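Data first, discussion second: the structure below is written as structure tokens.
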Amino acid sequence: MQDLNTQLVSGDLSSPLNLEEGDVQPAEKPALGRHVHLSGKMEGLGFRESQWLLESRGKFIQVTELLYRIAEQADGNHTLKQIAALVSDSTEWSLEAQDVNYLIKSKLVALGLMQDEVIPESSASSSPLKLNLQFRALAPRFIEPITYVLRWLCHPVIVVPVLVSSALARWWLYRVHGIIPGIQDAIYTPGGILFVLALVLLAAVFHEFGHAAALRHHGGRVGNMGLGLYVVSPALYTDVSDNYRLSRWARVCTDLGGIYFHLLCSVFLFVAYLATRREMLLFSLFLIDLEILEQFIPFVRLDGYWLLCDLTGIPDLFSQMVPFLRSLLPPPFEAILNKATNGPATGQKLPEMKTWVKAVFCAYILVTVPILVYVFARMILSLPDLVSQAESGVRLQIELLRQIDVRRDPFTTALLILQIVLLIAPVPATIYFLWITIKAPLQQFVDWASRTPRNAIAGGLATVACCGVLAGFVAQPVIPRFHGSNDPSRRGRQLIDESEQATANLNSMTADLEGSIGEDHYTGKMILKRPNLARVEINGSKGLGRIFMISDGKTVTTYFPDNNEFVQVQAGQHGEFIQSTLVQQVQQFFTPEAIDANLQLQYMGQRSLDGMEFDVVQAKGKSPTGEMVNHFISRSDKLIYRDEETSDPGDGRRTWVVLKDVKTNPDIDGSAFSWKLPGKAVPVQLPTGIQLPVKE
């Protein structure tokens, strides 16, 4: 995103002077501070009168021609009378020394632009719709050599082919090829999602250099690059404030420079796809397109906002919104408002706008203000849920940390810690945004309440009422726990009950299998049908080998082809004896009412896996061994797709199985459950003490 610094200051004589003769010091020779530079006339604005620019410490200040001409002559060599005479001779205004003295004291001194003056503290105050907590990553001296090379990419000879090729690539992607293969490639390739996100992050950095390169191409100077907090999200920024000195077309090109570099980056990705045929590169292109669409949103200070500012000729819509609304009021009402609010801020009288610019500005305010109010209200109302979900997510990540060996798996540990940080970060970011939003109104309320005793009493009562509402609001996520609706244990039992009911409603089910026991990995498939038909095939690695289980409705046979051994038990009338040691979902299908019936349940929050959303419920055994199982219950059909079991949390070894390509209630032919045991197969010799159902 772009970061621009500007401030509106009027330089007219609409306010009464009320200066005593002794206030004028004709012999005084005022001088601008060394940090102040004259930047000339602004081009392509939406005001009827011309506007001029002063630069101070990287901030551009918009002033009228009168104030600019006075600043131009305030070089330390001219007295107030001489400045008045010079300005009167070169402009249409007729000034006296006391007029110049008033404008310098009320305008330039107040802004800290004169020699030996400091900038007021208010000029650096935080704003909810500005970039806050800025951290500079690159200074101009490091950026300029890079933009010197990249600026050639902004030449029309290169821009036109890039735009055409980018449009053709997107037509092929969205109309011919599709993005589903790219999403699948990213999901099923180890590290694929991280690779895609890394490409998108690099494209975002390239986007910032696009703004810098476009500004450099049109003759501007680039400021700092860095990272900041915008609303509640981290954002990269580039200071391109110097484009205020340029023409409207140059400013528009600077606004679109980041999006153009995003398009250029997508062309590189498409060429890489043609060379490698890796579908995940197209998924990265799709995410970049989403980022481009987001940048065009004009309701916050993204590229689309600055583009609208430069097209209308209003330097900053948000900062000039209040002065604009004041200017629409009839003079009597404006006087009443100024008296009630101690008058408009110093220098905040808006110059007269062109008619079409007024119409666009009014339409923008009518659309933007309700949207921002709605978003702000939603942030307040959703804050308790945000805290609750962050808490659940962090507890889940901590539980996963306990189940792995941190020393043996540092990569997974780092990812889990990063996930914890990402879960926690939105909470303080949202609270900070809400604070800087209410900070200014709160200060005004305190000032109002301190004026009179009556105001103090009314303010105290209002404060007590607000504190009561706030206390109830903060307690909102806690109160339901006393009724059990948000209690993790009750929520876990509720989800398991829903899963039992959804499983009991199934007549048949097929799925591919994938899982592991410690370091032994396996794949396979299962076919289940009520009341007591089952077929499970497992192909394992290392010591696990192959396992084949089948139930024909009477007998459950588990056959080990590698050893030519088998185990047989009765199936049961309703399949109650059909179970697979590796695939818990088999037993859950035939006896859903027994899912963790006697275990301690705990809701661990939501989680996304393989493009699906799950509620995670942890079942912990009541025995001293501390056996734990995490059930991943699909939020769409309430079935358990994944089970993760840890027999001993201390050793970090996990057994897990996941169902893929699940089909519910398919038509299954009975021949799938017909199978003949090899003639030379021998029964497995089980250890003494293991009880199995008697075969009838």
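Computed from a prediction, not measured in an experiment: that's the story for all the values here.
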Are side-chain heavy atoms of L513 and V536 found at a separation under 4.5 Å? yes
S499 side chain to L495 main-chain N or O, any donor-acceptor pair under 3.5 Å? no
Just how far is it from atom CG of D643 to atom CG of L659, taken to the nearest 0.5 Å? 8.0 Å
Between E279 and H177, is there a side-chain donor-acceptor contact under 3.5 Å, judged purely by atom types and distance? yes
Excluding sequence neighbours, so at least two apart, what forms salt bridge (charged side-chain N to carboxylate O under 4.0 Å, His left out) with R408? D405
With a 6.0 Å cut-off (strictly less than), is the heavy-atom count around CZ of F135, excluding the residue itself, greater than 12? no
For A235 versus L131, what's the shortest heavy-atom pair and its separation? CB-CD1, 4.3 Å
Strictly distance-based, threshold 3.5 Å: is any side-chain N or O of K529 a donor or acceptor partner for the main-chain N or O of I668? yes
Kindly indicate whether a cation-pi arrangement holds for R530 with F589, taking the cut-offs as under 6.0 Å to the six-membered ring centre and within 45° of the axis. yes
I want to check something: taking the side chain as every heavy atom from C-beta on, are V657 and R642 in contact at a cut-off of under 4.5 Å? no
Backbone of L528 reached by a side-chain donor or acceptor of R535 within 3.5 Å: no
Relative to each other, are the rings of F614 and F632 parallel, tilted or perpendicular (30° and 60° limits)? perpendicular
Between H521 and G515 (side chain of the first, backbone of the second, donor and acceptor by atom type, cut-off under 3.5 Å), is there such a pair? yes
Is the backbone N or O of I417 less than 3.5 Å from a side-chain atom of Q419, with the two atoms forming a donor-acceptor pair by type? no
Does a side chain donor of either D497 or Q501 reach within less than 3.5 Å of an acceptor in the other side chain? no
Residue pair D637 / Y641, side-chain donor-acceptor N/O under 3.5 Å: yes
Do the side-chain N and O atoms of T503 and Q588 include a donor-acceptor pair separated by under 3.5 angstrom? no
State the CZ-CG distance between F376 and L381, to the nearest 0.5 angstrom. 10.0 Å
Side chains of S266 and R170: do they bring a donor and an acceptor to under 3.5 Å? yes
Sequence neighbours left out, what passes side-chain hydrogen bond (donor to acceptor under 3.5 Å, both in side chains) with N507? Give chain and number order. none
For I527 and F673: C-alpha separation, side-chain torsions, deciding distance, then whether side chain to side chain contact (heavy atoms under 4.5 Å, CB included) applies. CA-CA 9 Å; I527 305 174; F673 308 103; 3.8 Å; yes
Could you tell me if T557 and T555 have a donor-acceptor pair between their side chains, going purely by distance under 3.5 Å? no
Close side-chain approach of M509 and M526, heavy atoms under 4.5 Å: yes
S551 (side chain) donor-acceptor with N532 (main chain) under 3.5 angstrom: yes
Answer whether the closest heavy-atom distance between the side chains of Y305 and I297 falls below 4.5 Å. no
So which heavy atom on M604 is nearest to which on R395, and how close? CE-O, 3.7 Å
Audit row: T413, R407, side-chain hydrogen bond (donor to acceptor under 3.5 Å, both in side chains) steps and yes/no: CA-CA 9 Å; T413 302; R407 296 181 179 179; over 6 Å; no
Please round to the nearest 0.5 Å and tell me the distance separating atom CG of D562 and atom CZ of R546. 4.5 Å
Looking just at side-chain N and O atoms, do D289 and Y174 make a donor-acceptor pair shorter than 3.5 Å? yes
Would F261 and F206 count as a ring-ring contact (aromatic ring centres under 6.0 Å, His included) here? Give the steps. CA-CA 6 Å; F261 266 49; F206 199 54; 4.7 Å; yes
To the nearest 0.5 Å, how far apart are CD in E208 and NE2 in H262? 8.5 Å
Any chance you could measure L506, atom CG, to L639, atom CG, to the nearest 0.5 Å? 5.5 Å
On a heavy-atom basis, which atom in F283 and which in A186 lie closest, and how many Å separate them? CD2-CB, 3.7 Å
Donor-acceptor contact present, side-chain S508 to main-chain P666, <3.5 Å: yes
Heavy-atom closest pair (I187 atom, D610 atom, distance to 0.1 Å) is CG2-OD1, 3.7 Å
Does this structure show an ion pair linking R635 with E613, if we count only N-O contacts that are shorter than 4.0 Å? no
Taking CG in D667 as the centre, count heavy atoms belonging to other residues, nucleotides or ligands within less than 6.0 Å. Is the count above 12? no
Distance only, no hydrogens: is a donor on one side chain within 3.5 Å (strictly under) of an acceptor on the other, for Y522 and N539? no
Under the 6.0 Å and 45° cation-pi test, does R277 pair with Y273? yes
Any side-chain donor near an acceptor of the partner, E645 and Q584, under 3.5 Å: yes
If you count heavy atoms of other groups shown closer than 6.0 angstrom to NZ of K525, is the number above 12? no
Output the distance between atom CG (L282) and atom CZ (F286), rounded to the nearest 0.5 Å. 12.0 Å
Stepwise, does the side chain to side chain contact (heavy atoms under 4.5 Å, CB included) test hold for T523 with D512? CA-CA 8 Å; T523 58; D512 293 334; over 6 Å; no
Distance-only, no hydrogens or angles: does the Y230 side chain make a donor-acceptor pair with backbone N or O of R301 under 3.5 Å? yes
Minimum side-chain heavy-atom gap I496-H631 below 4.5 Å: yes
I292 vs L263, side chain to side chain contact (heavy atoms under 4.5 Å, CB included): CA-CA, chis, key distance, verdict: CA-CA 9 Å; I292 291 175; L263 296 177; 3.7 Å; yes
Expected output: side-chain D552 to main-chain K554 donor-acceptor under 3.5 Å: yes
Chi angles and distances behind the side chain to side chain contact (heavy atoms under 4.5 Å, CB included) call for V616, Q606: CA-CA 6 Å; V616 181; Q606 301 174 13; over 6 Å; no
Nearest heavy atoms of Q602 and P488, plus distance in Å: NE2-CB, 3.5 Å
With side chains defined as the heavy atoms from C-beta onward, is the minimum distance between Y432 and V427 less than 4.5 Å? no
Are F299 and V367 close enough that some pair of their side-chain heavy atoms sits under 4.5 Å apart? yes
Can you name the closest pair of heavy atoms from L229 and P234 and give their distance? CD1-N, 4.2 Å
So do the side chains of Q568 and F566 get within less than 4.5 Å of each other, counting heavy atoms only? yes
Donor-acceptor contact below 3.5 Å, side chain S284 vs main chain M280: yes
